[in-house]
Amino acid sequence: MQVFNTPIVHKIGFRSLLSVISLQCMSLPLRITFEKKDYTYIVLTRKIDKHTETIKIDFLGEEFTLVRNQRNEWYVFENSIGDPPGLLQAIAKNVALRYRL
């Protein structure tokens, strides 16, 4: 493991280096099970905190926008006809729980 002995790792620390790397890379796919079927999606929005109003996700090759309303409920801005009813809503709830929104 040559990477761990480089001067940059000793200067900023291993955990800091990992956080910098994770910010520059695409996020990992997240999984959800809906009606006994597994789905994966990717969160495209980089900085997510409790003040975030919109979140972009990639689901089945399409980009969707999750929007928070005044009651702090997340919903999908655009729905696709081919998606099972409630699937994108379940993904919105899953993202909110994952990021503690």
Quick one: CH2 on Trp74 to CD1 on Ile91, what's the gap to the nearest 0.5 Å?
14.0 Å
Enter the distance from Lys93:NZ to Leu88:CG here, rounded to the nearest 0.5 Å.
15.0 Å
Do Glu62 and Leu60 have side chains that approach each other closer than 4.5 Å (heavy atoms only, starting at C-beta)?
no
4.5 Å side-chain heavy-atom contact, Glu73 and Tyr75:
no
Might you point out which heavy atoms bring Arg98 and Leu30 nearest each other, and give the distance in Å?
NE-CD2, 4.2 Å
Tell me the closest heavy-atom pair linking Lys47 and Asp49, and the distance in Å.
CE-OD2, 4.0 Å
Checking the side chain of Asn94 only, and the main-chain atoms of Leu97 only, is there a donor and an acceptor separated by less than 3.5 Å?
no
Within this structure, what is the CD-CG distance for the pair Glu53 and Leu66, rounded to the nearest 0.5 Å?
12.5 Å
Option among Thr40, Ile32, Leu87, Ile42 that satisfies the side-chain contact (heavy atoms from CB on, under 4.5 Å) test with Phe59:
Leu87
Once side-chain contact (heavy atoms from CB on, under 4.5 Å) is applied, do any residues pair with Lys56, and if so which ones, sequence neighbours excluded?
Leu44, Thr45, Glu63, Thr65
